[in-house]
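Notes follow the structure.
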Amino acid sequence: QVQLVESGGGLVQAGGSLRLSCAASGSPFSWYAMGWFRQAPGKEREFVAAISRGGGSTDYADSVKGRFSISRDNAKNTMYLQMNSLKPEDTAIYYCAARRFAIATMNPTDYPSWGQGTQVTVSS
């Protein structure tokens with residue numbers, strides 16, 4: 001089972017940028033397609049972005065397209081989420097997740113492995 005640890009969250013003003021990282025251990029990172037999800041207070045967990053295990057295929061929620069970019073470095077066992085032009089509505093706990101398949105999906109129930117989350121707060 002892969003273990004995941006997110007980092008890079010924080011407080012930023014609207015229009016600013018943050019880069020989240022997800023470090024994997026315990027199992028070959030290249031076996032897993034990966035996703036980023038987020039959950040705001042009182043809301044359900046929602047899909048943000050996903051990347052295939054080889055990194056050649058990515059997908060984004062409509063709400064973040066053009067602002068966020070997902071990437072991975074299999075040699076460093078790490079996935080990233082570059083977040084630009086942040087908005088107050090991006091405020092949430094961000095989670096990374098892994099599934100042992102080639103292709104990532106947008107459904108959180110497809111991911112058996114999760115990190116503990118990192119808080120992102122965007123002030124207006």
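Here the structure is a predicted model, which means the values were calculated and not measured.
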Could you verify whether a donor N or O on one side chain and an acceptor N or O on the other, from [X] and [Y], lie under 3.5 Å apart?
X	Y	value
S30	N74	no
N107	T105	no
S71	Q82	no

Measuring from [X]:[atom1] to [Y]:[atom2], what's the distance to the nearest 0.5 Å?
X	Y	atom1	atom2	value
I103	S52	CD1	OG	5.5 Å
S25	N77	OG	CG	8.0 Å
L18	L81	CG	CG	9.5 Å
S123	L11	OG	CG	5.0 Å
E89	S63	CD	OG	9.0 Å
I93	T118	CD1	OG1	9.0 Å

Note, [X] side chain near [Y] side chain (heavy atom, < 4.5 Å):
X	Y	value
R53	R72	yes
V5	Q116	yes
C96	M79	yes
W114	P108	yes
Y80	R19	yes
T91	V120	no
M34	Y111	no
V48	Y60	no

Would you say L4 and W31 are hydrophobically clustered, going by side-chain heavy atoms of ILVMFWY under 4.5 Å?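 Yes, one cluster joins them.
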Would a hydrophobic clustering, with Ile, Leu, Val, Met, Phe, Trp and Tyr connected at side-chain separations under 4.5 Å, put F68 with F37?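 No, F68 and F37 fall in different hydrophobic clusters.
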Quick one: is the NZ or CZ of R38 closer than 6.0 Å to the six-membered ring centre of Y95, and within 45° of its axis? no
Apply the test side chain to side chain donor-acceptor pair (under 3.5 Å) to residues D73 and T78: give CA-CA distance (whole Å), side-chain angles for both, the deciding distance (0.1 Å), then the verdict. CA-CA 5 Å; D73 185 337; T78 304; over 6 Å; no
Q39 and Y94: CA distance, side-chain angles, deciding distance, side chain to side chain contact (heavy atoms under 4.5 Å, CB included) verdict: CA-CA 7 Å; Q39 188 165 19; Y94 283 69; over 6 Å; no
Flag the pair F47 / W36 as yes when their ring centroid distance falls below 6.0 Å, and as no otherwise.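 Here the rings of W36 and F47 have centres that are no less than 6.0 Å from each other.
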Side-chain donor or acceptor of E6 paired with backbone N/O of C22 under 3.5 Å: no
Taking the side chain from D110 and the backbone from A104, do they hold a donor-acceptor pair closer than 3.5 Å? no
For a quick test of reading the model, state the closest non-hydrogen atom pair linking P88 to S124 and the distance between them.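 Closest heavy-atom pair between P88 and S124: CG-CB, 3.8 Å.
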Can you name the closest pair of heavy atoms from S113 and Q1 and give their distance? OG-NE2, 3.1 Å
Answer yes when K87 and D90 have at least one side-chain N-carboxylate O distance shorter than 4.0 Å, and no when they do not.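 A salt bridge is absent here (no side-chain N lies under 4.0 Å from a carboxylate O).
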